[in-house]
Each structure stands twice: as structure tokens, then as C-alpha cells.
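Down below is the structure, laid out as C-alpha cells.
Bear in mind that the values here come from a model prediction, so they are computed numbers and not experimental data. Letters go in sequence order (proteins before strands), and every chain restarts at 1.
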Amino acid sequence: MVQRLRVRYAKRGRLRFTSHRDISRAIERAVRRAGIPVGFSAGFSPHPKISYAGAAPTGVASEAEYLEIGVVSACEPDRLRADLDSSLPPGLDVIDVVEARTGSLADRLECSVWEVRLPGAEPDEAKKAVEIFLAAERVDVERLTKKGLRRFDSREAVITLTADEGTASLEPSQPCAILRMVVRHVTPAVRPDDVLTGLRLVADFAPPSPPAVTRLAQGPLDARTGGTADPLDLDRDIRGGEPGPAVQHVGDHK
Amino acid sequence: MSVESLFPRLEPLLPKVQKPIQYVGGELNSTVKDWDDASVHWALMYPDAYEVGLPNQGVAILYEILNELPGTLAERTYAVWPDLEALMREHGVPQFTVDAHRPVRAFDVLGVSFSTELGYTNLLTALDLAGIPFTAADRGEDDPIVLAGGHAAFNPEPVAEFLDAAVLGDGEQIAIAISEVIREWKGEGSPGGRDELLMRLASTGGVYVPKFYDVEYHPDGRIKRVAPNRSGVPWRVQKHTVMDLDEWPYPKKPLVPLAETVHERFSVEIFRGCTRGCRFCQAGMITRPVRERSITTIGDMVEAGVKESGFNEVGLLSLSSADHSEIAAVAKGLADRYEGTNTSLSLPSTRVDAFNIDLANEFSRNGRRSGLTFAPEGGSERMRKVINKMVTEEDLIRTVTTAYGQGWRQVKLYFMCGLPTEMDEDVLGIADLAKKVIKAGREITGSRDIRCTVSIGGFVPKPHTPFQWAAQCDHETVDRRLRQLRDSLRTDKQYGKSIGFRYHDGQPSIVEGLLSRGDRRVGAVIRAVWEDGGRFDGWSEHFSYKRWMDCAERALAGEPVDVDWYTTREREEVEVLPWDHLDAGLDREWLWQDWQDATTETEVEDCRWTPCYDCGVCPTMGTEIQIGPTGRKLLPLTIV
């Protein structure tokens, strides 16, 4: 392996229904189509050297997913970004690529910024529920995981949580609440739907239709802003290059 | 009239279902055309789950060919799982295509590919969700023509009442021809309505319109005759045969799904047809003659397909791929081309006698060395003569020993249970064979680290085969023989631990038998099963034998026939079979003679390498055997 490249990509629109396994197959095929000189593991069934960090759940869109590719001949990051992006289906979009120059990327993904759109939910009710949730010491919720039903606290991992008024994309006349939250990555993972479960438990807040969840960012906790910093900046800083694009655009790219 | 996308109504349901990505579409190389720019609209359905249906070659080929036609649009639809079906009913969302999420009822044709009869109930679900009446006679001008194809369409009688039309054989040319007939008819302002369109299709001689034929029965339940009920339709409907596979190099742009499917690879058919003459094999009988795709076309298709798809496995498909006249050159050429790229080649299964180790080595050169699979089908020498699977025990042991000697650790052996004339000892012979395989393998490798898996399928007599007259073995007997075989393998202290055993119980085969050799009266059974909740009958977790038997008893109560009559009853030579008016080209007398030869354990050679055995296909259909060798070679690809 002569080089490792760190890739930030988005999962948008309909493609949010892909599972983590679907995405890894799509990426492997796109890498082959794009002719990227990916390395392979040794052994009877060689696997491409692509590792994924903290994938968003099936059904959740994301502007900030990360993976790392090991290549056997050096690649120019911008060229790889363009090649990989054009080989992926629209909706899986490559946003940023840097050469890895520092330690583990996964360790740097400490928390996520989530946006949860709740079409049909009254913003004022959402605000009240958020207040009650934030005032609680702990909010135990249950979720069915692969290991069975698990019970855990959904409160402590939530660093910030706010509710605002938005516009429902399908029916602009109906009310729409938007939650925005910064949640620390813990085990078991606290996901936005766990926070919604928590809101229902403490404040009887139950949105009438399925939530549309998007991960806006993930990275190290920025103590100053209470948000996240770009996890790829450290690789860029060592290289001494330009800071990465501040992508905050959320769209329903179909 | 434009057609709205149903996606905005479907989307809110998707977070509530399993594997929602299968309903989203947007696969690489999928096509969405403008509705209004096309005058003929096809919805192509594979009546099983997306994960099974997407890799289907038949649908993929027709999808591409039809979309290449100007003025024709084709989209795909699959069976939705019961979780989404319930939500669609609750929210009034009709059956949709995955390409542009258009309602299936808006299309001109709903083309359904039946690889197996177990998809029949899923067709009914799709019709019901689409809002299309079940019975063809009840459909109006706004309903699509429901058109069946695929191997099961060689006896569409059990679903005849649900179909407007069926086509037999290769679909490429007939799909284009049908599209053209519809385009003309619509262009003229749809004169005479639905019936005239069906009449125009039927009069070509290559499209079967069930309602233009009447079936009369004897009092004892046997068919008296099947005859056209109007002039201008042929007495017998012929199958279609594409004669030059190099002129039809599809799929060119393979669909690459986001969802996981049962075959994650780029598949190329290297030839169609098979004349090995295995008597149980419907595919071999109805796809004659053998037509090879040339080595250079195969090479071009693989090159383009791998580049377009990014798949890391290439499947070389056919009914017996090692029989291609240039398979060695194909394998070596492709392995050379893809050296060092982790692109593996695979053959679906290999005949014991056509296998050679050089070939196997080429196939595993650039990828994983997975298990080898052989299909001796019959456990005893006698049984293999009955089914005309001309493989001796020596062949098998020698081949498998070589494979173990060359480093393969795992060999899979396929057999059938319930074959005509089968006795208990024929099935127990499978255990002896497996033990001999392990014994020989241990001797050559000097190791106990080798395995063999015995996999058993239940035999179902199929239309257009020499066994179409045979009595199907009852499921109690099949289950008893399989238990004996399992005990014989498990109790063996010396070899038992090295032999895996996979089998299914015999009940589903009886239902498959009912649907395979059924006639129009079986349609009532299918409808009753569907109404009782029958779905996804090819999936053991959904299949209910009891439901089928209960429904059959009710639906056939007024008839002189029952499930046994359709399945475990042997037919006489003169009996009119439900599919006799459908012509696969096979001479009925030849089939009967082959059935007699089976009972006397007389083997028949392959007409590719010996004189013609007069099965009748080539003269009836105006076709001929097309095989190499061409002597051409695959050149290395230029590396960019």
C-alpha cells in the first residue's frame, strides 16, 4: 500500500434507503469501474482495502460519511474524487478526498450533527418536548438490536438539541418541525430515532409521519461551538494545504 | 396522457419495510424513458422478490432490447414482500415499476417471465395490486395485455384464465414483433378493441391466446381435445428460436443493483440449448438445438460487461457450460485478460465427463477457489441409465479424485430423488457413492481435511420431456428414502463426518407437479390458494403444503380429478396432454420412444457428436445445430 486516501461522501435522496452493505458493494464496484488502483488483502478471498467508519443507518440520509481507500500506486486526491464520484450512482456523491497523513480517522469521529424533519408535527410542541427532554437526568429507551431488545439512556449522549419551524416538502401547507442535535458516539449508539423515542416517553411527543433524518456532519467535538470540526482538516493541516470545503448543503438529490 | 410517478406516495411507506432499497430503482444502466415519447409501453415482471428477479437474464435481455426500440419503453416490476403489500393496500398504492414508479395498469403489456410455476400466486398479487382483473375475459380496453414467457410458459394452461397471451421459447425477436403489432394497432386507433389486437397476435402463429382455444374433457376427466374456437388461429402454436446468438449479444449493459441479489456477477450465456438428452430435464428438451455464441463475442461481451458494471465475477452460463466447443480457449483467454485483477470466472455446474482440471484451474486463477459442483443426478448406475445421464461411477471418482489432488477441498454433488422406476437402493446408492468419493479423496491427499456435500432435489415430471407421461413419486416415499439416506450417511463412523447432506422434504414437489402438468382446471386451485393468503410459494417460510391441498380439494370438488390424478398418475400414450397444442418442436413419437427407452435403461447419445436421433426439433422449427470450434482466440486487452 503506497497511500491511503480519506473520502467524505454523501448519501442523498432515495439512496438513503441503502444499507451499509449496499453502499460497500456500490463503492467497490465504482472503484473498479473508475480504475482506481485499490489494494487487495492477501489470502484465499482477497478483499479490496476499503474501510468504512460509522455508517448512517438504512433510511437515514447523510452529508458526512467517511471511508478510507488503500491504493497500490499514488493517486491525486482531487482526481480520485472526480473519478469515484462519476462512477457512483447519483445520490452517492463524493464530497472531499484527502491523503491520510495522521492517525485513525475513526477515532476522530466523536459525534454527529443530525437534522430531523418531522412533517405534520407542530414546532411549538416539539420545542416543549425538547425542553422537558433536556431537563431530564436520563431518558431510558428500548430498541430492538441484532442482539435483542436493549435498554439504554438516550439523554447523556445528546450534547445539544433544538427545535425549529420548517416547511414540509410534500405538503407545504402542513406544519413541520425540525430538530437539530449534536449527539456523541457512544456504545450502544444513540441514534436520532432513539432521541425521538425519548421525546415520546418524556413529553408524549409523537410525530404523525415518519421522520426524515439527515446526518449533516460528524467529527471531533468542537468545544467552542458545541458542534463538530472537519475530521479531515488534520490531514490537510499537516500537508499545509487549503482548508476543506465547508459543505452544509442539504438537498434531496434525486 | 402522461403518467405520474407513484414514488411520492410510496416513499413514506419505505421506512417501515424490510430492505427498502429494492423498491427504489435507479440501478446503474437502468433506463427511464419519457412516457409520451413512446407509443408502446411494456412492464416486465419477474414474479418473485427483487433479489431473485433482478439477476434474471430473460428479463434483463428483453428490457434492453425493448428499450433500444424507438417508440417503445420498458420498465421492470417485481413481487413486493407481504410487509409492503399490506402497506400498499392500506394506503392505496398500486403495483408499480421500479424504474419510474409508474402504475403497472397504465402499461400496454405486462410481460411476466415464469422460470418456475411457483411464481403463479405472485402474479395474482401483482394483478390485484395493479387493479387488473384476474380473469382475462373480464379485462377492458384500459388493462394491459398480460403476456407470459419463460420455461413454465411451455404449459401455461394452469394460469390460462389469468393470461391474455403466452409465448414459447427465445423472447428476443418475438418481443420486438409483438411490440410492432401493438404499435400498428394503436396507430390505427385501436380498431376492434382488445380482441382484435389478440387476434392479430394469435394469427402470427407465434403467440398463444388461451381464450381462442376450447378444451373438452372426457367424463373420466381426461382431455378429449383442445381446439381453436375461431378461424384464423393455428391449431398448434410454435416456440421461437434465435438462430445466431452473435447477432443478439445481450445484455450489453448489465443492471447493477444497489440491493443485494442472489447472483452478484456479470453473466454471459455462452450457448443456448442442450442435447445431452437427460430425460428429466425440461430445459434441455425445450431449448434445442444447441446454438453456441462464438468465443470472440463472448470475449467482447465480458469485456464490455465488466467495464460497465464493475462486477468482480463473470458467470459463463448455459445448460452445461463445459460442453462449449471452445470452453478451454474461452477460459484461458479470459483468465489471461483478467490476470491480477481479482476478477473471477464461474461455471454454474459442470458435467462430470466434460470436466477437466486445466479448465478448473483457469477458472480459479484470478479469484477465489470455491467449491466444485457436479451433478450425477442418479445414485446408481441403473438410475443414471434411466435418466440418460451418461456418467459412470468410475468417471465420477476419477474426476473428483483429480480435483481433490489439485487442492480443492470441497466438492458438491447434486442428485434427484423420486425418479421414475426408482427403488430404495437407487437412493441409498448415493451414500455409497459419497463414501467412495471421500475414501478416494483421503487417499490422494493423505488428509482428512476434505469434504463432500450431497444435495438432493425432488424430481418433478415436466411437460415436453420423455417423463411427461410418468407417475410422480408420492412425497411419503420420497421422504422415507431421504430419511434412509440420511441415516446411512450419519451413522457411518468412517466417512459420515466428511459428508454434508442437504435436502428438502417431498411435499413442495407435489405442488410443483400439480402446476407443471396441470390443465385449465388447476387455475381454480391457484386462485383459491391466493385468496387464502398464498404468496411466495418458492420460499419455504411462505409455502404451505396444507393450504395447497385444502384449496385443491375445495376447488376441484366438482371435478372428476384431484391432486393425485395430476401428479402420481401415469399417463397412456394416447392421452391428450394439456400442452399438446403447444409445439416445442419435439416429435411426440420420439418422446414416447425415449420414455420406453428409459424404462429399459437404454441410453441415447448427444446429436452434436453422433448422427441425428430424430427428436424432430430442427426440421419442425427450421433450425440447426450451431457449434464451433471457430479456431479464433481472445487477444489481450489493452491496459489503459
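Between the side chains of B/Arg337 and B/Thr343, no donor N or O sits under 3.5 Å from an acceptor N or O.
Contact tally against chain B (heavy-atom pairs below 4.5 Å) for A/Pro210, A/Pro211, A/Gly59: the top residue is A/Pro210. When the candidates B/Glu264, B/Glu308, B/Lys307 are compared by the number of heavy-atom contacts under 4.5 Å with chain A, B/Glu264 comes out ahead.
B/Lys332 has a carboxylate O that lies under 4.0 Å from a charged side-chain N of B/Asp336, or vice versa, which qualifies the two as a salt bridge.
Under a cutoff of 6.0 Å and an axis angle of 45°, A/Arg14 and B/Phe7 form a cation-pi pair. A cation-pi arrangement, defined by a distance under 6.0 Å to the six-membered ring centre and an angle within 45 degrees of its axis, is present between B/Arg76 and B/Tyr63.
Contact of A/Ser209 with chain B is not made at all, since no heavy-atom distance falls under 4.5 Å. Both the backbone and the side chain of B/Leu258 come within contact range of chain A, judged by heavy atoms closer than 4.5 Å. For chain A, the nearby part of B/Lys16 is the side chain; its heavy atoms alone come within less than 4.5 Å.
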Under the criterion side-chain contact (heavy atoms from CB on, under 4.5 Å), I'd like the reasoning laid out for B/Leu84 against B/Tyr23: C-alpha separation, chi angles, the key distance, then a yes or no. CA-CA 10 Å; B/Leu84 183 59; B/Tyr23 306 115; 3.6 Å; yes

